[in-house]
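All remarks here apply to the structure that follows.
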Amino acid sequence: IPAALVMTMSKMIFSIISQEYPESTKELLGNVNNQMRGLLLDTQYITAFYSIYNPENQTITISNAGHALPLFYRASKKKVLALDSFGYFVGIADDSVYEEKVLKVEPGDRLFMYTDGITEIKNKEKEEYGENRLAKFIINNPDIKGDEFCDALLNDVESFAKLDYRDDDIAFLNIEF
């Protein structure tokens with residue numbers, strides 16, 4: 001099954017199942033896994049990170065299925081945390097169990113989700129941009145918001161390694177609280 005078709009199917013299944021589990025990331029991923037398990041070849045799987053924001057109590061609930069660890073910037077402490085929770089890739093095994101964690105969010109906090117194309121891009125010396133450099137960028141730029149933040153990050157990556165010569169796609173989502 002071509003990767004584009006797999007992603008189209010998974011997007012549709014996530015969309016349908018998210019309506020059934022509006023508050024539980026672990027239940028959602030478990031059900032998506034069971035649905036995708038029957039559709040994927042034995043050599044195929046999907047990585048995923050799922051988060052639900054609750055504006056009433058100012059929390060995010062998270063679960064991870066083997067995806068690059070999202071970074072959470074805690075503005076009050078000026079620190080970045082890698083958000084980890086236990087969970088296998090979607091489609092790897094029947095009845096996979098996913099851990100769920102809840103974090104309180106505060107004004108100025110930031111949730112940064114990304115694909116590994118941003119951290120694994122290499123410069124001429126074959127050095128990766130890496131999670132540490134990404135975390136430092138986030139810590140050093142707390143006042144840059146929205147598109148300006150995204151543009152500044154891409155410029156930082158471009159100054160490290162030319163984007164035209166990358167081997168992988170770069171995708172990220174920057175959520176500011």
Side-chain angles (χ1 to χ4, degrees), residues 1-18 25 28-29 31-33 35-37 39-53 60-73 80-93 96 98 109-142 144-177:
I1 301 173
L5 184 55
V6 168
M7 291 316 299
T8 300
M9 290 186 308
S10 66
K11 183 179 176 188
M12 181 186 68
I13 289 172
F14 267 97
S15 180
I16 292 167
I17 293 179
S18 68
T25 55
L28 178 133
L29 281 178
N31 280 280
V32 168
N33 177 73
Q35 291 293 317
M36 291 302 296
R37 185 81 176 116
L39 299 172
L40 298 174
L41 302 174
D42 288 341
T43 57
Q44 292 179 312
Y45 61 87
I46 298 166
T47 67
F49 175 83
Y50 201 81
S51 176
I52 298 171
Y53 174 60
I60 54 172
T61 304
I62 63 155
S63 291
N64 198 344
H67 195 67
L69 299 181
L71 300 178
F72 182 78
Y73 174 71
V80 168
L81 308 167
L83 299 184
D84 196 11
S85 65
F86 178 80
Y88 293 120
F89 303 129
V90 171
I92 267 301
S96 289
Y98 298 91
D109 288 350
R110 179 186 311 256
L111 176 61
F112 189 82
M113 297 174 268
Y114 59 96
T115 59
D116 59 9
I118 197 167
T119 53
E120 293 178 0
I121 193 169
K122 294 180 182 176
N123 62 15
K124 292 178 188 173
E125 291 77 34
K126 305 291 184 205
E127 176 188 13
E128 290 186 346
Y129 186 79
E131 288 86 1
N132 288 337
R133 189 173 273 110
L134 178 57
K136 284 179 187 174
F137 179 86
I138 293 169
I139 290 168
N140 292 333
N141 295 285
I144 302 176
K145 306 291 184 200
D147 288 345
E148 233 181 282
F149 176 86
C150 299
D151 291 342
L153 175 58
L154 287 174
N155 288 336
D156 191 63
V157 173
E158 175 77 24
S159 70
F160 176 80
K162 297 298 176 203
L163 294 176
D164 292 341
Y165 304 115
R166 69 185 185 274
D167 295 326
D168 201 355
D169 67 312
I170 291 178
F172 58 86
L173 178 62
N174 174 51
I175 301 172
E176 300 159 356
F177 299 97

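- Closest heavy-atom contact between M113 and F49: SD-CD2, 3.3 Å.
- D156 and Y129 form a side-chain donor-acceptor contact under 3.5 Å, judged by distance and modelled atom types alone.
- No side-chain heavy atom of L69 sits under 4.5 Å from any side-chain heavy atom of E131.
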*Carefully, step by step, assess F137 and F149 under the rule ring-ring contact (aromatic ring centres under 6.0 Å, His included).*
CA-CA 10 Å; F137 179 86; F149 176 86; 5.4 Å; yes
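- The shortest non-hydrogen separation linking V80 to A135 is CG2-O, 3.8 Å.
- In this structure the side chain of N141 never reaches within 4.5 angstrom of the side chain of Y73, judged on heavy atoms.
- One N or O on the side chain of R37 and one on the backbone of G91 form a donor-acceptor pair closer than 3.5 Å.
- The nearest pair of heavy atoms linking N64 to G66 is OD1-N, 3.4 Å.
- For T115 (side chain) and A171 (main-chain N/O), a donor-acceptor pair under 3.5 Å exists by modelled atom type.
- K162 contributes no side-chain N or O that, together with a main-chain N or O of S159, makes up a donor-acceptor pair within less than 3.5 Å.
- The backbone N or O of Y114 sits less than 3.5 Å from a side-chain atom of H67, completing a donor-acceptor pair.
- Checked by atom type and distance alone, the side chain of S63 never pairs as donor or acceptor with a backbone atom of Y50 at under 3.5 Å.
- Looking at heavy atoms from C-beta onward, V90 lies in side-chain contact with Y98 at the 4.5 angstrom threshold.
- In the displayed structure, Y88 atom OH is contacted under 6.0 Å by at most 12 heavy atoms of other residues, nucleotides or ligands.
- In N132, the CG atom is not crowded: 12 or fewer heavy atoms of neighbouring residues, nucleotides or ligands sit closer than 6.0 Å.
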